[in-house]
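Presented below is the structure to which this report refers.
Below, all heavy atoms of this structure are taken into account, side chains as well, without hydrogens, waters or symmetry copies. Note on naming: letters A, B, ... go to the chains in the order of the sequence lines (proteins, then strands), and numbering restarts at 1 for each one. Nothing here was measured: the structure is a model prediction, and the numbers come from that model.
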Amino acid sequence: MTLRLPLALAALAVAIAAPALAQTPAGGDTGGGVVRVAKPVTGQQVYEAVCAACHMADARGGSGAATIPALAANPRLAGAAYPITVVVNGKGAMPSLAGPLDDAQIAAAISYVRTSFGNAYAKPVTAADVARIPHPARGGGH
Amino acid sequence: MQSGTGLPTRRQLLSAIAAVGGTAALYQAMTSLGHAAETQFTGPPNLTGARKGASVIVLGAGLAGMLAAHELTKAGYKVQILEYQDRAGGRNWSLRGGDTYTELGGATQKVGFAPGNYLNPGPWRIPHHHRTLLHYCKAFGVALEPFIQFNHNTWIHSSTAFGGKPVRFKAAAADFEGNVAELLAKSVNQKALDDAVTPEDRERLLEALKGWGMLDKDYKYASNLRSASHRGYDRPPGGGRSGAPIPSALYDFHNVLDPQVWTSMAFFMGHEMQTTMFQPVGGMDMIGKAFARQVDGLVTYNAKVSKIAQDDRGVAVTYADTRTGKVTVAQADWCVCTIPLGVLNQIETQVTDAMSAAIAAVPYSGQVKIGLEMKRRFWEEDDSIYGGHSFTDQEIALISYPNNNLFGNGPAVLLGAFAREMGAYRLAGMTPEQRLEVALQQGSILHPASYRKEFSNGASVAWSRVPWTLGCCARWTEESRKEHYQTLVTMDRRIVLAGEHASYVGCWMEGALLSSIDAISQLHKRALEA
C-alpha cells in the first residue's frame, strides 16, 4: 500500500511543521519519539512560545521558593549585552537557549522585550550582536 | 546453593564481604560473582552509633530528604526537616479531584477528577532495576502494580508520514524491520558482505533475517500471512466459514523511514525504559506518603529557607513561616540539603566558591504534563489499547493510557501530554485552559471520533512554573559533569547535598535515593571523625 503524500502537500507539511526536530534526549524520563514544533520567528512569537513559559505572558515573572525575575520594567535590560549573555548561556535554573533558538530568534525576542512590557530601549538587537557572545556547547536533555 | 553443606551461600558470602570491605567491595564482588551490575544499590546503609546528641537539619521533605532523615534517625541522630510546601513528597506527587494547584504567575486549577482518578505530574513509572526505590517501597508497605510500558497496539503519528494519519505501532515497526531485513538479505545474496561475514555466518544471518524480518522464501518482505502475523491483518484469523485470515497491505518504505517510527521503536531500548515497569497502586504519591510516615513528627512545613550558614561548631538555617512571616534560625551539627539547585542558587549559602559555582551551573528542564479525564475508556473499547503510549510529533509528544482499572466503567484519566523542550515551553506559556484546548486538538488527531466527545475535565502541570522547584529535573552536560559534579556531591564541611541532581540517575526517584544514601554515608563518617 502506498500512503505517500503528493509532493506539494508533503512540502507544505514540512513548512508548517518546521525544522526544530527535537529527538529524544539521553537520560531522564521522557516521552520518546520526535516532536516537531512550529518555528517562532518574530520577537513576540518567540517570547510567547519560549520565554513566557517562565517569565509569564505579562513578563512579570513569579515568586515561590525562589524567584523568576520580571522582565517588565527591568532596568537591567538597558544594555543589550546582559540579556544576550543570559539567554545564550542560561543562568541558574534557566537553560541556555542557544541551540533551541538561533541567533536571529534570540535577537528578535530580546528586541521585543526591550521595547515592550514597560521597557523602552529602542535600539534593536541583531543576530550579529548575539553571535558575538560565545555560545556554549549544546548538551543536556529534556 | 544448598544450605547445611558447610559451604557459605552466596548471600552469606556477600554479607561477609560487605562487612569487611564495605559496599564498594560488595558491589565489585556481586559483579564478579555473575550478578548483573544493574544497580549500585547494595542494601540500606545501616548506619549506627551516632555520637550522643548529634543533630542534623534536612532541607526538603522529598524522597531524598525523607530517606536521609529516616536513616539518620535510625543511626541515632536528632533530625529536623524543613519543607517549603505544606505537604511532604516533593516531586513525588499526585493530583486528585478536589485538589487545588496554583502555579507561579497565579493561575489556579481546581482538579475535577472523579474519585479514584489521578494525574502524576512528576514521576509516574518505575524501572525494574531501580532497586533502591523498590526496596523502600516494599519496606514501607507501598503496593506496586505493573505499568504497561510497551504496547504494540498504540498509535504512531507523524505530520510528515502516512498522510498525517496515525498508524499502529506494530504495523510501522513490522514494516521497518521487514524492509531492513529484506535489504540486508539482498546485500548478503549479492555478495556485498562476503568480506565482512564468513560463509557459515552468512547462512546463519540469512536464516535470522528471514525469521526475524518475516521474509518469504525468496527473502522478500511482502504482504502475506507472515508479515501480517507481525503487523496485523485486514481480516484476522477467525472461526467457522470465514475463519481464514486476510493479510494486510504494507506501508510505503519512504513513510516507514520517517524518524517517528524508529525513534518510537528505539525509545523502548533505553536502559530506563525497558519493561518491566511499575507504578504504585492508587497514585505515585503513595510512595511519598509512605516515606512521610517514617519521619512523622520531624517535618516543619511552610518553611521558606533564606540562609544556610556554617562554622566550626555547626550549621544555622534561617527560615520564614510562609503563612505568618515568623523568622526562625534552626541550628544543628550537620545539614543535608536537598533543595533543587535552581532554588538553592538563590539562597545565601555558606559553602566554598567551587560549590557555589557547581550549584549555579546546572539548569533545569521544564516538562509539561496534562491529565484529561474522559467519560469512558474509548481507547480500550474502540481501539483495543490497554495501557502504553501513543507517540505523536505534536507538542503533546504522547498520549499515555491508564494502567489500572482496565475494562472499568466510568471516567478515566489519560495522560494527554508529556511535552519537553520547545513543545513544553509553548504549552507552559499558556493558561491552563489554553493547554487543555491544545491537548484536545492534538489528541483528536490520534482519536478523532471520541477525544473531544468524551472529554470531561483536565489539569496541567508546567514544571517551569512549579513554585517550589522552578523546574523539573537537573540538566547536566558532559562538560558540566566534568567541571562540577564531584564538587557538588562531596560534603562541604558540615553541609552535604542530595537529590536527583546529585546523581547520574537524574530525573528519577532512584537517583534521589542513591544520592541520599551516599550523602548520609559521608555525613556519618565525618560526624564520627569530628
Pair His135(A), Asn89(A): side-chain N/O donor-acceptor within cut-off below 3.5 Å: no
Option that, when pairs with chain A are counted at under 4.5 Å, heavy atom only, ranks first among Gly270(B), Pro123(B), Gly429(B), Ala107(B): Gly429(B)
Portion of Val362(B) that has a non-hydrogen atom of chain A nearer than 4.5 angstrom: backbone
Presence of salt bridge, Arg426(B) and Glu48(A), under 4.0 angstrom: no
Engaged part of Glu395(B) at the chain A interface, taking heavy atoms whose separation is under 4.5 Å: both
Contacting region of Tyr425(B) [heavy-atom separation from chain A under 4.5 Å]: both
Within 6.0 Å of CZ in Arg60(A), more than 12 heavy atoms from elsewhere: no
N-O pairing of Arg36(A) and Asp258(B) below 4.0 Å: yes
Selection from Gly62(A), Ala49(A), Ala53(A) maximising heavy-atom pairs under 4.5 Å formed with chain B: Ala53(A)
Atom group of Met56(A) that falls short of 4.5 Å from chain B, counting heavy atoms: both
Under 4.5 Å from any heavy atom of chain A - which part of Thr469(B): neither
Contact origin within Leu470(B) toward chain A - heavy atom pairs under 4.5 Å: both
Contacting region of Met273(B) [heavy-atom separation from chain A under 4.5 Å]: side chain
Max heavy-atom pair count under 4.5 Å with chain A, selected residue of Gly342(B), Ser158(B), Pro467(B): Pro467(B)
Thr431(B) (side chain) donor-acceptor with Gln434(B) (main chain) under 3.5 angstrom: yes
Test: Cys507(B)-Cys473(B) SG spacing under 2.5 Å: yes
Electrostatic pair Glu103(B):Arg435(B) at N-O distance under 4.0 angstrom: yes
Ala462(B) versus chain A, the contacting section by heavy-atom distance below 4.5 Å: neither
Ser306(B) OG to Tyr319(B) OH distance, which is reported to the nearest 0.5 Å: 11.0 Å
When Thr392(B), Leu341(B), Ile396(B), Leu104(B) are compared by non-hydrogen pairs under 4.5 Å with chain A, the top option: Leu104(B)
